[in-house]
Every structure is written in C-alpha cells, then in structure tokens.
There are 2 protein chains.
Amino acid sequence: MKQVKSRTGNLGRPAGSDNEKVREALLQAARENFTSREFKAVSLREIAASAGVNGAMVNYYFGSKQGLYMAMVDGMFDSLEKSLPEMSESSAITVEDFSRSYCQFLGENPWWPNFMVREVLFNEGDNQDAMIRKFSSSFAPRLMQSIQQGISCGHYRQDLNPGLTLLSLMGMTIFPFLARPMAEQVLKVNLDSNMTAALSEHNIKLFLSGVVSDGEDATGAGEQS
Amino acid sequence: MKQVKSRTGNLGRPAGSDNEKVREALLQAARENFTSREFKAVSLREIAASAGVNGAMVNYYFGSKQGLYMAMVDGMFDSLEKSLPEMSESSAITVEDFSRSYCQFLGENPWWPNFMVREVLFNEGDNQDAMIRKFSSSFAPRLMQSIQQGISCGHYRQDLNPGLTLLSLMGMTIFPFLARPMAEQVLKVNLDSNMTAALSEHNIKLFLSGVVSDGEDATGAGEQS
DNA sequence: TTTTTAATTAATTAATTGTTTAATTAATAA
DNA sequence: TTATTAATTAAACAATTAATTAATTAAAAA
C-alpha cells in the first residue's frame with residue numbers, strides 16, 4: 001500500500017478529475033493575467049501555474065495560447081451582456097439608462113475598460129474587427145437612435161452632430177475608469193461605488209445642461225483671464 | 001581594386017557613417033513599432049531591420065531594448081510640449097484653449113492617444129508612475145485651477161465636483177481619438193482636420209451648455225420612451 | 001473482466017528572444 | 001606614418017517561449 005496517492009510522481013489521470021473545473025481555472029487565470037498584462041508578456045507556464053495545472057493543459061483544452069485567449073474574450077462579452085440586460089433589449093437606450101448602467105458595470109468590472117481598449121486599439125487585425133462588430137452591435141446603434149430622436153423631436157439642439165455627441169457621451173462615461181490611476185493619484189477621485197454613482201449623475205446633468213449656471217452667459221467671455 | 005565597396009561582406013565601420021543618423025533611424029523605427037504593437041511583441045531584430053541597421057546597434061546606442069524605449073518616450077513628451085506651447089505657461093488654461101489645442105494635437109499626432117493610454121494603463125510600475133507625474137504636471141492642475149475658478153466665481157454651477165468635471169472634459173476630448181477605429185467604422189465619423197476642429201467646438205458647447213435646447217426641460221422627463 | 005478512451009505529467013522540440021563578443025573597417029590622434 | 005578609437009557586422013550565447021510527444025493513470029465502455 002505504497003501509492004498513498006503516488007505523492008511526488010503525479011503522472012496520469014488523477015482520481016476524481018473534473019474536466020470543467022480545470023477549464024474554468026484556466027479561464028480564470030487567463031482573465032487575471034491577460035487583463036493586467038499584454039498578451040506576449042503572459043506565458044503559458046504562468047497561466048498554468050496560476051491555475052494550478054500543468055502547462056500542457058492549455059493546449060489540451062484550448063488548442064493554443066490564442067485559443068484560450070479567444071475563449072476568455074467570449075466569456076467576457078457574455079458577462080457584459082448579462083450584466084447589462086436593459087441594453088440587450090431592442091428599443092432605444094436613453095442617455096440616463098446608458099450612463100447609469102455603464103458606470104455601474106465599469107465600477108463593478110474594473111478589468112473591462114483596460115481590456116476593451118487594448119482589444120479595440122492595439123490588437124489590430126486579429127480581434128479588432130470582431131471586437132468592433134460585437135461592441136457596436138450591442139448598444140451603440142440604439143444609443144445613437146436615442147440621440148437622433150432627441151434632435152428630431154426638438155428636445156436636443158438642432159445643430160448637434162449625432163456621431164460626435166455619442167462619442168462625447170461615451171468618452172465622459174468611460175474615460176474616468178480608463179484613467180483610473182491618474183484619477184486616483186492626481187485628482188484624488190477614488191472610483192468606489194459611491195463615486196461611480198455620483199459620476200453617472202454628474203455626467204447626465206453635464207451632458208444635458210452643461211456646467212454653466214442658470215442665467216449665466218455660456219459664451220466663455222465671462223471666464224477668468 | 002576588388003573591394004568596390006566590399007559588397008556582400010559589410011563588415012567594419014562604413015565610409016561616411018553618421019552617428020546621429022543611425023540614432024534617429026532607430027528612434028523613428030521604435031516609434032513606428034512601439035506605438036502600434038506591444039513592447040514584448042516588438043523584437044530588436046524587427047526594429048533594426050525597419051531602421052536598416054544591424055540589431056546590435058540598439059545595444060550600442062541605447063544600451064538595451066528598454067533604453068531605446070525610454071529614449072523614445074522622452075522624445076514623445078518633448079514633441080508634446082513643443083506642440084502645445086500655450087500649455088507650457090504657468091497660468092490657468094481655459095476650457096476653450098484646452099479643447100482646441102488638445103484636439104488639434106491629437107488630430108496631428110494619432111500615435112499619441114494609443115501610446116499614452118498604453119503607458120498610463122498597462123505598463124504598471126515600469127513607466128506608469130513617471131508617466132503620470134509627467135502627464136499631470138503639464139496641464140492637468142492648471143485646467144483644474146480654471147474649473148475651480150469657474151465654480152468659485154459663480155460662472156459654473158455650485159454643485160459641480162471639480163475632479164469629475166475635469167475627467168468628463170478630458171474624456172470627451174480624448175476618447176474619440178482613442179476609439180478612432182470604432183468612430184470611423186461604426187459611426188462614420190472620420191477624424192480629419194475639419195472634423196477635429198468641429199469636435200473641439202462641439203465639445204466646448206456641450207461642456208458649457210449641454211445638449212438640451214434653450215427653453216426645454218433638461219430633466220429627461222420629456223424624452224422618448 | 002478486459003479494452004478503450006480521457007486526462008494529466010514530464011520531457012523534448014524547435015523557434016525566437018535580448019544581449020554579448022570577436023572580427024573588421026573607417027576615422028581620428030599622435 | 002602609425003596607433004588608437006569609433007562604428008558596424010556576423011556569429012555565438014543563454015534564456016525563454018509555445019507547442020508536441022510519449023508515458024502514465026483513472027474512468028468509461030465493451
């Protein structure tokens with residue numbers, strides 16, 4: 001009765017091995033590593049070690065490093081769509097809904113902005129096209145629709161460029177999370193859940209009415225030298 | 001007279017070799033490669049080939065791959081400060097100046113947003129701290145100062161959070177360039193010089209007065225379902 | 001039970017990386 | 001001129017990488 005569990009030599013299929021458990025451990029390790037460091041900077045050995053399995057498991061379950069990465073991407077988009085149910089419907093999204101939902105999502109999923117920007121910006125060719133399509137087919141057109149309705153019904157200014165307006169709104173929503181290190185270290189804006197809620201309300205008001213006080217002149221002529 | 005130019009074996013110091021020229025060629029190659037691909041994904045051999053010199057030249061002139069990268073970073077910040085002279089002065093920057101100058105700079109230097117975000121976001125530890133300090137010591141505090149003046153003199157709303165307001169402004173300024181592929185492919189917003197100028201004016205107006213028409217209610221109650 | 005299949009590990013493979021070295025040639029100083 | 005220094009190349013080096021393979025063991029099927 002020597003092989004208590006074949007202690008040192010862990011060869012062969014382990015007793016009670018769980019296919020799905022290993023798979024999920026690898027995906028989890030991939031998320032941890034790929035969201036904070038660049039693709040090439042993360043080695044399979046690191047991922048495997050961080051998942052507590054042998055390096056060859058990545059190729060066994062996902063075919064390749066790239067395969068694991070793509071599986072991770074799919075999972076991330078799934079979790080986005082699950083976290084933003086109101087954005088999965090087919091009607092127009094109001095500015096308020098977008099600001100609140102997206103701020104909350106970004107606050108709760110700090111890995112997302114880094115990841116999204118890296119994918120859309122840097123992985124030119126590889127995943128970029130698919131990313132852009134996936135990204136833009138979710139909420140962008142429906143938010144655009146909402147903005148265009150606002151203009152055509154006269155609620156918004158008639159001189160607004162819908163595309164630029166959408167970009168401005170997305171920018172003020174996403175950028176604070178994107179520049180989190182700068183926001184926290186330089187501006188002392190700590191993006192906890194309270195500040196996240198404050199940010200969405202701040203942005204809604206800024207987007208709709210601007211920063212200028214009621215009754216003040218907004219031409220900027222009254223500004224400080 | 002066989003050694004016409006020692007055609008194939010290009011050993012030794014070449015006639016009329018220009019120290020500064022090689023240095024600049026390497027920096028140029030570094031800019032081209034490092035701004036579009038991640039640090040680890042760019043090899044010294046690629047850079048050298050793209051500069052038309054031997055791979056060992058990187059170590060000869062810059063000590064290491066990292067040394068070349070840092071030299072490139074320094075040059076980029078120099079070009080930013082030269083391109084934005086009005087931001088190098090010591091007085092407060094108005095929202096208008098910031099929006100116009102920065103939009104123009106981003107339009108003329110499309111590599112900057114990618115590079116900046118990559119540095120501030122992803123190179124954790126290595127250059128991040130230095131980047132944040134350099135970045136924030138240039139215009140951030142003076143723009144902040146301008147916003148705080150606007151609030152304290154009553155021109156801006158009293159309920160404004162200055163930090164969030166600065167982040168919103170930076171976001172609506174930078175994001176369109178950051179999401180350029182998405183802006184162009186999905187929203188059909190082509191960021192040429194005309195659109196860049198339009199963007200800065202659009203943002204100034206939006207920042208100051210919002211999107212809602214004069215006389216309209218800005219609570220959003222009047223929006224489409 | 002016996003056979004086959006699934007899961008896991010250690011070892012190997014082939015390619016690529018950043019860096020160093022030695023050889024080589026031009027420019028410069030003595 | 002001669003000796004020394006600066007610039008360049010090809011080659012070698014050592015480390016690391018993703019991927020494959022063969023061996024091994026448990027689970028499932030026959």
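Worth knowing before you read on, the calculation uses all heavy atoms, side chains too, and leaves out hydrogens, waters and symmetry mates. Below, read A as the first sequence line, B as the second, and so on, with proteins coming before strands; counting in each chain starts at 1.
- Remark: B:Ala51 pairs with B:Ala25, B:Leu26, B:Ala29, B:Val53 by the side chain to side chain contact (heavy atoms under 4.5 Å, CB included) rule, at least two apart or across chains.
- When the side-chain nitrogen and oxygen atoms of B:Asn59 are compared with OP1 and OP2 of C:dG18, none of them lie within a distance under 4.0 Å.
- Applying the salt bridge (Lys or Arg N to Asp or Glu O under 4.0 Å) rule to pairs touching residues 56-65 of chain B yields nothing, sequence neighbours excluded.
- B:Phe34 is linked by a ring pair (Phe, Tyr, Trp, His ring centres under 6.0 Å) to B:Phe39, B:Tyr69, counting only residues two or more places apart in sequence or in another chain.
- Closest approach to the A:Ala56 side chain among D:dA18, D:dT21, C:dT20 is made by D:dT21 (side chain taken as heavy atoms from C-beta onward).
- Among the protein residues, A:Tyr61 comes within range of the sugar-phosphate backbone only, with heavy atoms under 4.0 Å from sugar or phosphate atoms but none that close to a base.
- For the salt bridge (Lys or Arg N to Asp or Glu O under 4.0 Å) condition, the pairs that include at least one residue of residues 181-205 of chain A, sequence neighbours left out, are A:Arg100-A:Glu201, A:Arg180-A:Glu184, A:Lys205-B:Asp159.
- Residue whose closest nucleotide on DNA chain C sits further toward the 5' end, between A:Gly52 and B:Ser43: A:Gly52.
- Near DNA chain D, defined here as any heavy-atom distance below 4.0 Å, there are no residues from residues 27-34 of chain B.
- For A:Ala41 and A:Asn54, each mapped to the nucleotide of DNA chain D holding its nearest heavy atom, the one lying further toward the 5' end belongs to A:Ala41.
- Sequence neighbours left out, the pairs with a member in residues 24-36 of chain B that pass salt bridge (Lys or Arg N to Asp or Glu O under 4.0 Å) are B:Glu24-B:Arg31.
- Counting only distance, with no hydrogens or angles, the side chain of A:Ser99 and the backbone of A:Glu96 share no donor-acceptor pair below 3.5 Å.
- Among C:dT9, D:dT8, C:dT19, the nucleotide with an atom closest to any side-chain atom of B:Val22 is D:dT8.
- For A:Asn19 and C:dA7, the shortest distance from a side-chain N or O to OP1 or OP2 is below 4.0 Å.
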